[in-house]
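Below, chain A is the first sequence line, B the second, and so on; all start at residue 1. Any value given below was found using the heavy atoms of this structure, including those in side chains, with hydrogens, waters and symmetry copies removed.
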2 protein chains.
Amino acid sequence: MSTVDPISAATDGLHARSHLVDLEAPVILRSGARLSAVQIACQTYGHLSQARDNAIVVLHGLTADQHAAGPVRDETGKSGWWDAAIGPGKAIDTDRFFVIVPNVIGGSGGSTGPGSDNPTTGRPYGLDFPVVTVADMAQAHLALLDHFGIGRLHGTVGGCLGGFQVMEILAAAPKRAGKAVIISATARTSAHNTALWAVLRAAIKSDPNWRGGDYYGGPAPSDGLGLLAMTGALFWMSREVLEQRFGMAPLTQEPRYTLEPDFAVEAFLNTVKANAGMGRLDANSLIYLTRAIDYFDLARDAGSLAQALHGVCDPMLLVSYASDWRYPAAEMAEIAEALPAGTTCDHVELDSPMGHGAFLYQFESLEPVLRRFLG
Amino acid sequence: MSTVDPISAATDGLHARSHLVDLEAPVILRSGARLSAVQIACQTYGHLSQARDNAIVVLHGLTADQHAAGPVRDETGKSGWWDAAIGPGKAIDTDRFFVIVPNVIGGSGGSTGPGSDNPTTGRPYGLDFPVVTVADMAQAHLALLDHFGIGRLHGTVGGCLGGFQVMEILAAAPKRAGKAVIISATARTSAHNTALWAVLRAAIKSDPNWRGGDYYGGPAPSDGLGLLAMTGALFWMSREVLEQRFGMAPLTQEPRYTLEPDFAVEAFLNTVKANAGMGRLDANSLIYLTRAIDYFDLARDAGSLAQALHGVCDPMLLVSYASDWRYPAAEMAEIAEALPAGTTCDHVELDSPMGHGAFLYQFESLEPVLRRFLG
């Protein structure tokens with residue numbers, strides 16, 4: 001394993017740095033497939049203490065990457081996806097903690113994925129990339145800790161796919177995870193999720209530019225990504241939020257009786273569609289990350305959830321949102337019930353009309369809970 | 001208005017007949033557009049009494065047509081979409097009632113729609129067809145009653161888009177509607193619905209075979225219809241039903257870690273996708289029918305819901321399903337509240353895990369309620 005020098009210099013106060021880390025080859029995946037050259041891209045924020053005991057790993061969800069905090073230096077000019085949570089004086093306080101945000105294996109933020117060059121052909125893998133699992137992501141994260149010389153984390157935090165990764169780290173290396181925070185997740189994906197991913201993958205594949213996954217060097221399948229993003233919006237946002245934000249407000253005073261957009265909610269979806277095509281999301285990467293979720297079942301390999309979590313030895317925080325019907329609190333409660341006797345575990349259920357996106361887009365209610373827990 | 005002779009002979013007991021009725025020209029739509037030649041296709045079941053006082057109109061939903069009962073004579077070999085409800089001795093008893101099921105204007109069951117020939121060009125309208133509204137559908141249904149010489153119906157029954165049509169009939173001709181049954185509906189569509197229709201229309205348009213709506217004579221946009229059907233399945237079926245029917249049951253004993261279908265729910269969706277492409281649904285027709293729902297707001301033209309419903313003079317039955325989160329009982333209750341004082345109105349909330357499809361696919365619980373109400 002070797003360290004590539006930081007690509008970017010520290011940012012004011014946040015001390016953001018980019019890293020590209022070579023993992024020891026080969027990486028053997030859960031499927032049995034081997035990858036002969038794997039790199040993991042990650043961002044760090046803050047400073048690692050001399051004792052190397054102040055690190056928190058934050059794990060990203062499906063449509064995000066390692067750029068969690070501060071200004072993201074790309075064409076969008078946006079802040080990182082969890083800038084509300086990570087920074088000097090924030091709940092994940094970069095004045096105190098060394099925050100590591102890795103891009104998952106299979107991702108498109110610089111970690112090895114379907115868009116990376118296949119060493120045996122010199123061309124991007126495309127669909128020749130092997131299926132990765134959430135356990136494979138966790139394995140790569142643990143290798144990253146070795147790289148940074150970190151034995152035990154202060155904390156491990158993630159929502160949705162990030163929460164699944166927290167669980168796989170707890171299963172693989174419970175003594176290294178530190179305080180674990182799992183947000184808007186479940187220990188086992190659902191038929192509804194798998195159906196949703198199948199639909200979103202079909203949306204990508206509907207784009208002739210997708211070319212069976214072999215679109216690198218040509219036009220990206222932006223229309224497919226746009227359709228995926230529009231469809232996804234129906235699930236990330238609850239019925240109530242769409243109603244509150246848009247209702248049936250028309251774009252013009254009187255209905256125009258046209259097939260063109262005539263309502264505010266349609267204009268919004270067109271924006272979602274257009275932005276998805278312009279963004280950094282890689283179509284094949286979304287195919288692989290959603291597939292990883294399909295195979296996520298913490299109990300499968302261990303035989304039971306209790307067995308998978310039997311090594312947990314630090315306090316846990318579970319966060320559910322009442323409006324997040326895709327990851328109901330009742331499923332999260334199963335995680336709490338499966339923990340070893342005596343484990344300190346808080347399961348907090350927060351109110352928010354934002355549904356599955358609440359931990360990202362309405363962070364205020366989670367802020368004090370997270371701050372207190374990471375303490 | 002002229003009658004075209006029945007296309008098909010009566011079926012055993014059900015006395016099914018097909019009709020194709022020319023409406024008086026021109027039909028002036030809510031948008032102000034005029035259609036110079038409009039035909040309405042409909043099925044009738046049972047016999048009209050001498051007094052012409054035993055007719056019930058049953059109005060179809062988005063993905064259905066006039067073939068509601070008995071064997072449907074097409075390649076699928078299926079029964080009509082509400083065969084559970086309509087027939088000799090059934091809740092809508094064809095031994096007693098003359099049941100009329102019209103295909104909506106804009107539909108693809110033979111009524112004038114985007115696939116019909118535009119008399120000014122001699123070629124199918126495609127997207128030159130004007131936007132139709134639910135009020136336009138109701139207007140056509142009332143013209144159909146004139147054709148059959150029926151002044152007042154015994155009852156008017158519909159679910160979803162069919163329920164919207166019942167409401168527009170109640171607004172336009174309350175004294176003709178008879179006993180009204182509105183199932184799984186609302187008096188005003190929602191932002192979430194409109195967002196869903198926008199996504200489903202985008203799915204159709206993603207298919208290169210759609211050709212801007214000008215696909216007649218060429219290959220149908222089956223892939224787009226398939227994607228629409230897959231996406232729709234996530235909404236017609238509740239999370240619970242998908243979980244109960246499929247869970248995460250794998251297709252093979254051990255996970256294969258493949259991008260190919262590996263779970264039962266994926267195989268199901270592939271079947272949904274394939275069947276949609278083979279079925280009778282016309283892509284452009286779905287574009288127009290979903291657009292009609294976008295413009296559905298019973299109060300808009302009348303000024304208020306109470307004003308729209310002020311002429312209601314017969315008993316009403318409203319049916320909601322607890323699991324149908326797209327058309328919640330609270331919205332249905334607004335209809336009951338808006339009715340004229342003294343109107344007899346039962347609002348029944350039924351349990352079913354089937355969500356929005358419950359009135360079609362789990363008819364047992366509705367059966368006694370509907371039978372008693374129609375009396």
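Taking chain A as the reference chain and counting heavy-atom pairs below 4.5 Å, the highest number among Gln244(B), Met230(B), Arg239(B), Met237(B) is found for Arg239(B). Between chain A and the residues Asn193(B), Leu242(B), Leu200(B), Asp223(B), the largest count of heavy-atom pairs under 4.5 Å involves Leu242(B). Of the listed residues (Arg326(B), Glu240(B), Arg256(B), Arg245(B)), the greatest number of heavy-atom pairs within a distance under 4.5 Å of chain A belongs to Arg326(B). Each of Phe263(B), Phe268(B), Tyr288(B), Trp197(B) has some count of heavy-atom pairs under 4.5 Å with chain A, and the biggest count is that of Phe263(B).
Counting heavy atoms from C-beta outward, Asp294(A) and Asp262(B) have side chains that stay 4.5 Å or more apart. Residues Leu234(B) and Phe235(A) meet the side-chain proximity criterion, which asks for heavy atoms closer than 4.5 Å. Side-chain contact between Thr194(A) and Met248(B): present, with at least one pair of heavy atoms (C-beta onward) separated by less than 4.5 Å. Inter-residue side-chain proximity for Thr258(B) and Tyr295(A) is flagged as met; some heavy-atom pair is nearer than 4.5 Å. Under the 4.5 Å side-chain criterion, counting only non-hydrogen atoms from C-beta, Leu29(A) is not in contact with Tyr257(B). The shortest distance between side-chain heavy atoms of His192(B) and Ser238(A) does not fall below 4.5 Å. Between Arg300(A) and Pro255(B), some side-chain heavy-atom pair lies under the 4.5 Å cut-off.
Here the shortest heavy-atom pairing between Leu227(A) and Ser206(B) reads CD2-CB, 4.0 Å. The two residues Val265(B) and Ala191(A) come nearest to each other via the heavy atoms CG2-O, 3.9 Å.
For Asn275(B), the CG atom is densely surrounded, since the number of other residues' heavy atoms within 6.0 Å is greater than 12.
Between Glu243(A) and Arg188(B) there is no salt bridge, since no side-chain N of the basic residue sits under 4.0 Å from a carboxylate O of the acidic one. The existence of a salt bridge linking Glu260(A) and Arg201(B) is excluded, since no basic side-chain nitrogen approaches an acidic carboxylate oxygen closer than 4.0 Å.
With a threshold of 4.5 angstrom between heavy atoms, Pro261(A) approaches chain B through N, CA, C or O but not through any side-chain atom. Only the side chain of Leu269(A) comes within less than 4.5 Å of a heavy atom in chain B; its backbone stays farther off.
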